[in-house]
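Reading through the structure tokens given below for one structure.
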Amino acid sequence: MYCQKCGTKTEGSVNFCAQCGIKFEQSQTTDPMPKMYTVQGVLTEYFQGTLGESKLREWVRQGKIPHTRIGRRIIFRKEALDIWFDEQEKASMKVH
């Protein structure tokens, strides 16, 4: 299981993240399979149409967005995207 706040992997049935100390919600400890998306799924469900496919594929090629490949398929894990999105948001606030 991964902490939804900081992304740290935890072992067993712990109730707190060792890295950031947040308490896991019940859904975090019992969710057997993390939510994953394909390219089309991440565009429609996660980004809700606010990002184009060509930009997403460019980010994948450049390694700017967390993903993994299974054969020719590109897979995105929701928890990793949430962490990445939070980091992008924090970085944009430091610039302005």
Side-chain angles (χ1 to χ4, degrees):
M1 162 177 37
Y2 293 87
C3 174
Q4 289 184 350
K5 181 178 179 185
C6 70
T8 302
K9 184 174 182 178
T10 59
E11 301 294 332
S13 59
V14 296
N15 292 328
F16 291 89
C17 173
Q19 181 70 25
C20 66
I22 68 162
K23 182 177 180 182
F24 292 136
E25 297 175 14
Q26 186 65 23
S27 63
Q28 283 182 285
T29 57
T30 59
D31 191 10
M33 187 68 160
K35 175 75 174 168
M36 291 187 247
Y37 302 104
T38 61
V39 168
Q40 290 306 314
V42 80
L43 289 171
T44 57
E45 293 179 41
Y46 192 83
F47 288 108
Q48 300 175 359
T50 61
L51 183 69
E53 184 175 350
S54 60
K55 179 56 77 176
L56 177 64
R57 289 185 182 276
E58 177 184 325
W59 287 351
V60 166
R61 279 192 306 278
Q62 295 173 347
K64 291 185 175 182
I65 190 166
H67 68 283
T68 190
R69 288 188 182 267
I70 300 175
R72 295 182 68 199
R73 288 187 170 242
I74 302 167
I75 306 296
F76 303 89
R77 196 169 42 87
K78 183 185 181 309
E79 291 85 5
L81 289 172
D82 289 341
I83 293 165
W84 171 83
F85 198 87
D86 287 344
E87 290 170 356
Q88 300 302 307
E89 189 174 50
K90 287 175 188 173
S92 71
M93 291 176 10
K94 289 179 185 176
V95 172
H96 297 137

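These numbers were taken from a predicted model, which means no experiment stands behind them.
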If you round to the nearest 0.5 Å, how far is [atom2] of [Y] from [atom1] of [X]?
| X | Y | atom1 | atom2 | answer |
| --- | --- | --- | --- | --- |
| Gln40 | Glu45 | CD | CD | 11.0 Å |
| Ile65 | Ile74 | CD1 | CD1 | 10.5 Å |
| Asp82 | Arg77 | CG | CZ | 9.5 Å |
| His67 | Leu56 | NE2 | CG | 9.5 Å |

**OP:** Go through the steps for Arg69 and Val60 under the test side-chain contact (heavy atoms from CB on, under 4.5 Å), then give the verdict.
**Re:** CA-CA 10 Å; Arg69 288 188 182 267; Val60 166; 3.9 Å; yes
Original post:
Are any non-hydrogen side-chain atoms of Trp59 and Leu51 less than 4.5 angstrom apart?
Top reply: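 Contact flag for Trp59/Leu51 side chains = yes.
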Subject >> Derivation and outcome, side-chain contact (heavy atoms from CB on, under 4.5 Å), residues Leu43 and Tyr37 >> reply: CA-CA 9 Å; Leu43 289 171; Tyr37 302 104; over 6 Å; no
Original post:
Do Met36 and Ile70 share a hydrophobic cluster (ILVMFWY, side-chain heavy atoms under 4.5 Å, transitive)?
Top reply: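 Looking at the clustering, Ile70 is in the same group as Met36.
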Original post:
Linking I/L/V/M/F/W/Y whenever their side-chain heavy atoms sit closer than 4.5 Å, directly or via other members, would Val39 and Phe47 fall into one cluster?
Top reply: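 Yes: a chain of side-chain contacts under 4.5 Å links Val39 to Phe47.
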Original post:
What's the shortest heavy-atom distance between Pro66 and Ala80, and which atoms?
Top reply: CG-O, 3.6 Å
Original post:
Under 3.5 Å, side chain of Tyr46 to main-chain N/O of Leu81, donor-acceptor pair present?
Top reply: yes
Subject >> Under 3.5 Å donor-acceptor, Trp84 side chain and Lys64 backbone >> reply: yes
**OP:** Would you mind listing every salt bridge (charged side-chain N to carboxylate O under 4.0 Å, His left out) that reaches into residues 47-61, with sequence neighbours excluded?
**Re:** Glu53-Arg57, Lys55-Glu58
**OP:** Using a strict cut-off of less than 4.0 Å between a Lys/Arg side-chain nitrogen and an Asp/Glu carboxylate oxygen, indicate whether Lys90 and Asp86 qualify as a salt bridge.
**Re:** no
